[in-house]
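Notes to accompany the following structure.
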There are 2 protein chains.
Amino acid sequence: MQVQQIINQIYTLPEASFAQLKSCIKEVSFPKKYLLLRADTIERKIYFIKTGIVRAYAYQNENEITFWFGKEGETIISMKSYIMNQPGYENIELLETCELYELKTDKLQELFKQDIHIANWGRKFAEQELIKTEERLIARQFSTTAERYSALLKNHPDLLQRISLGYIASYLGVTQVSLSRIRAEIK
Amino acid sequence: MQVQQIINQIYTLPEASFAQLKSCIKEVSFPKKYLLLRADTIERKIYFIKTGIVRAYAYQNENEITFWFGKEGETIISMKSYIMNQPGYENIELLETCELYELKTDKLQELFKQDIHIANWGRKFAEQELIKTEERLIARQFSTTAERYSALLKNHPDLLQRISLGYIASYLGVTQVSLSRIRAEIK
DNA sequence: TTCATTTTTTAACATTTGTAAAAGGATTCA
DNA sequence: TGAATCCTTTTACAAATGTTAAAAAATGAA
């Protein structure tokens, strides 16, 4: 997915503002299994995914819990780093080789102060991420695991092909054994 | 809590910008049990809570699920209405008589286009709500009900006094019976 | 205060989910 | 191809949570 498409799907910028923003972005690429972000560090970059798929995970006691997947067109960001300048929850691991667009957040913060269109783009970006996060929270509070698995199957069938079930079970908040039982019942 | 304090705790505005924003805000008051927002409507106002406490709930089949509490200094908003102009999840019921600051969102949208400080205030507002939502999602995915109850007890002890346990159990995602068992174990 | 109502806890049993281990499939790479 | 590894399902049992009902405690109104 092209950077222009990713940026303008958030909020369409005037050409001059887009050019400013684009000049701060560079393309990078990393292999499968690469650890892009670490939970104990303050991340000063955000990434837009051109190709590939990633997962965010954190540790609870000794256990790894996967809590987010990102694919083409989505944004890899540690919200706590971005907003509060503190280490975030997420370790981000690449599940496939990825091509990414990289943007340094300090440059973005400068643009927010200078350009009202970019400030409003940043507002829309936060708002859209907020809606996504709220939807995940609501789904988790209101739906059973079976319902959320079915929704995932319907809305993102490619994820089931691209990601092993252990990670998906963790993401859904159950053990792999339990997810297996759910899959057996649906058939 | 005064409106100036609520607005500037999000992001400190220059005086002129604050005056502009404040001129769009009026004070209103409603009694306990009043239904301020309905889930099936598009809400065109947001409220800042001066005094009182409210809950957001939705229906899952026949059951009511409480998924948010708001108190002094917090913002009552239907994010889906505000951001996507669609009916949101939340019914908002007042659990105490409340004094509120009311702001029409269409006026706010106008100010976003005119004033870069207010645009950045709006960005910070969305970002802070995002952090809060993310924290709730992470807590839900990573902590047991007992841990989340203890955190609530520690961080918001007043809520346990002001809100009945049925609503709190629902908020924590368990039955009241189960919450009672948790409370019995902690003692 | 006293009675009625609401809230919270307790109990008994059913259901769901977790744990640990093993078996069955699928994939990779020499 | 074949052996090793990884992924997924199945089984048996344990632990946690839900359901329903009743008892106890707290609250509120006359």
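Reminder, nothing fancy here: chain letters follow the sequence lines and each chain counts from 1.
Rounding to whole angstrom units, CG of residue A:Leu179 and P of D:dT8 are separated by 9 Å. At whole-Å resolution of the value, OH in A:Tyr167 and P in D:dT8 are 10 Å apart. Going from atom CD1 of B:Ile182 over to atom C1' of C:dT10 covers 15 Å, rounded to whole Å. Rounded to a whole Å, the CD atom of A:Glu185 is 10 Å from the C1' atom of C:dT16. When rounded to the nearest whole Å, the span between CG of A:Leu95 and C1' of D:dC7 equals 15 Å. With rounding to whole Å, B:Arg181 atom CZ is found 14 Å from C:dT8 atom C1'.
Using a 4.0 Å cut-off between charged side-chain N and carboxylate O, B:Glu74 and B:Lys71 make no salt bridge.
Relative orientation of the A:Phe48 and A:Trp121 rings is perpendicular, given thresholds of 30° and 60° on the angle between their planes. Note: A:Tyr82 and A:Phe125 have perpendicular aromatic rings, judged against thresholds of 30 and 60 degrees for the angle between ring planes.
Using a 4.0 Å cut-off, some side-chain N or O of A:Arg183 falls inside it from OP1 or OP2 of D:dT9. At least one side-chain nitrogen or oxygen of A:Thr175 sits closer than 4.0 Å to the OP1 or OP2 atom of C:dG18. For the OP1/OP2 pair of D:dT8 and a distance below 4.0 Å, the side-chain nitrogens and oxygens of A:Ser180 include no atom meeting the criterion.
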Evaluate the salt bridge (Lys or Arg N to Asp or Glu O under 4.0 Å) criterion for residues B:Glu72 and B:Arg162: first the C-alpha distance (whole Å), next the side-chain angles of each, then the deciding distance (0.1 Å), finally the verdict. CA-CA 13 Å; B:Glu72 293 79 12; B:Arg162 296 166 79 182; 3.0 Å; yes
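For the pair A:Thr144 and A:Val177, nearest-nucleotide mapping onto DNA chain C gives the more 5' position to A:Thr144.
Hydrophobic clustering of Ile, Leu, Val, Met, Phe, Trp and Tyr side chains at less than 4.5 Å, counting indirect connections, unites B:Phe112 with B:Tyr11.
A ring-centre distance under 6.0 Å is not found for A:Tyr57 and A:Phe67.
With the end axes of the helix from C:dT1-D:dA30 to C:dA30-D:dT1 each set by five pairs, the angle from one to the other reads 50° at 10° resolution.
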